[in-house]
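Input: a single structure, listed below in structure tokens.
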Amino acid sequence: MRYPVSSLSLGELERQYVLEALDSGWISSLGSFITRFESDFAGFCDVRHAVAVSNGTTALFLSLKALGIGRGDEVIVPALTFAAVPAAVVEAGAEPVVVDVDPENWCLDPGLVEKATTPRTKAILVVHSYGHPADMDPILSFARERGLAVVEDCAEAHGARYKGRVVGSMGELGAFSLYGNKIITTGEGGFVVGNDDGLISRARFLKDHAMDPERRYYHTEVGYNFRLTNLQAAVGLAQLSRIRELIAAREALLETYRKELGHLGRVRLNPRMPWAEPVNWMVCALLESADESGREKVMKGLREKGIDTRPFFVTIPEMPPYRSCRVVGRSGPRAEVAERLSRIGLNLPCYVGMLDSDVEFIARSFEEELVRAGIL
Ligand SMILES: *Cc1c(COP(=O)(O)O)cnc(C)c1O
């Protein structure tokens with residue numbers, strides 16, 4: 001494929017740091033890169049603590065465990081997101097309750113949260129989807145009123161802001177992924193972030209085998225190994241030092257897409273609410289006058305021109321493990337908004353290193369395929 005949907009940006013600094021870690025002999029999960037990566041990432045998220053972990057899914061799972069969520073509890077999740085979100089809830093022993101998304105910003109619809117809440121609800125797991133922050137204020141105030149925890153899934157939105165506040169700093173805990181297609185990467189990796197000393201030390205304790213800090217090799221409960229290595233942290237520290245530049249480059253590419261595709265009335269690109277400073281994790285295009293088969297035709301046509309695309313996520317309740325989850329939508333037990341987005345949304349190539357001329361070529365090809373599929 002000439003144009004993949006996403007690709008890495010690894011520079012000279014990543015190479016230098018990795019070699020430094022290697023030469024130091026500290027390649028396992030202790031070392032100075034881990035310490036620096038954690039403290040710099042906490043600074044980036046404007047929180048007191050960041051705990052480096054093995055991936056974004058373990059970050060979500062650990063966040064729920066640190067909050068004491070388990071059997072008999074319910075956790076509210078959005079209908080349109082990656083399956084790791086409900087999977088982490090199930091793995092913690094709790095039940096996901098699926099709430100439809102807002103048609104404007106594609107994140108959890110705050111207007112449905114009250115309807116989804118029962119006496120068993122313990123937390124709201126908000127996802128800042130495709131780089132756009134969720135509408136946090138109504139969610140936070142409802143959660144405070146009812147004594148619910150808020151966990152922010154920031155896997156797709158490193159550095160995005162809501163009314164000036166950076167994602168990950170608003171809920172009780174924030175979970176990040178550092179997978180290869182995220183804003184910054186360590187190959188595999190993640191973070192749990194937060195301000196609460198107690199929750200953060202629970203997360204640290206559980207991620208490292210739950211060993212009693214006062215007595216070595218004495219374990220007071222079942223623990224896990226969700227550690228990140230110092231080698232991965234070396235890559236991560238270099239990526240983090242370039243993150244502003246990476247975010248700006250992605251934003252510039254999105255602007256070029258907007259310029260090239262803005263005249264197509266029935267194609268809507270990434271949302272941007274007045275209160276949001278999103279980051280461009282993926283360039284999103286909604287084919288508003290199409291259906292799923294139209295979208296498939298466009299994706300196939302682009303593939304034949306060497307341009308890779310990816311469809312939006314399949315909604316959570318449409319997948320076998322989650323079919324029996326309770327669903328709360330605007331007009332009944334269906335996530336209708338999420339279903340529609342899921343069928344007509346696709347992601348276009350976007351990665352640091354792409355040129356404006358690449359975007360122009362992709363945009364022209366996209367327009368041609370939309371015409372060919374009878375969508376424009
Ligand atoms: C990528 C992603 C995850 C999972 O992260 P991994 O590092 O792949 O485990 C979780 N939630 C969302 C919203 C994601 O996009």
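Predicted, not measured: the structure shown is a model, and the values here were computed from it. Start at 1 and go down the list; that is how both ligands and their atoms are numbered.
- Close contacts of ligand 1 with V127, meaning ligand atoms under 4.0 Å from a residue heavy atom, involve 13 (C).
- The ligand atoms of ligand 1 that sit less than 4.0 angstrom from a heavy atom of T57 are 4 (C), 5 (O), 6 (P), 9 (O).
- Heavy-atom proximity to G56, at under 4.0 Å, picks out these atoms of ligand 1: 5 (O), 6 (P), 7 (O), 9 (O).
- Within the model, atoms CG of L254 and CE of M282 stand 13.0 Å from one another, a figure rounded to the nearest 0.5 Å.
- A salt bridge links R242 with E14: the distance from a Lys NZ or Arg NE/NH1/NH2 to an Asp or Glu carboxylate oxygen falls below 4.0 Å.
- Closest to atom 1 (C) of ligand 1, if we only count protein heavy atoms, is K182 NZ, 1.5 Å.
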Acceptor/donor pairs from residues 23-31 side chains to any protein atom, 3.5 angstrom cut, sequence neighbours excluded:
residue: S24; atom: OG; partner: A21; partner atom: O; Å: 2.7
residue: S24; atom: OG; partner: W26; partner atom: N; Å: 3.1
residue: S29; atom: OG; partner: R227; partner atom: NE; Å: 3.1

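- Close approach of ligand 1 to N55 (heavy-atom distance below 4.0 Å) involves ligand atoms 7 (O), 9 (O).
- With respect to atom 10 (C) of ligand 1, the closest heavy atom belonging to the protein is D153 OD2, 3.6 Å.
- Contacts classified as side-chain hydrogen bond (donor to acceptor under 3.5 Å, both in side chains) and involving residues 144-153 (residues at least two apart or in different chains) are given here: E114-R146, H128-E152.
- Counting only heavy atoms of the protein, atom 15 (O) of ligand 1 lies nearest to E156 OE2, 2.6 Å.
- Below 4.0 Å from some heavy atom of T81 lie the following atoms of ligand 1, by number and element: 13 (C).
- One finds a salt bridge joining R272 and E251 here, because a Lys/Arg side-chain nitrogen approaches an Asp/Glu carboxylate oxygen to under 4.0 Å.
- Atoms CG and CZ, on D73 and R71 in that order, are 10.5 Å from each other to the nearest 0.5 Å.
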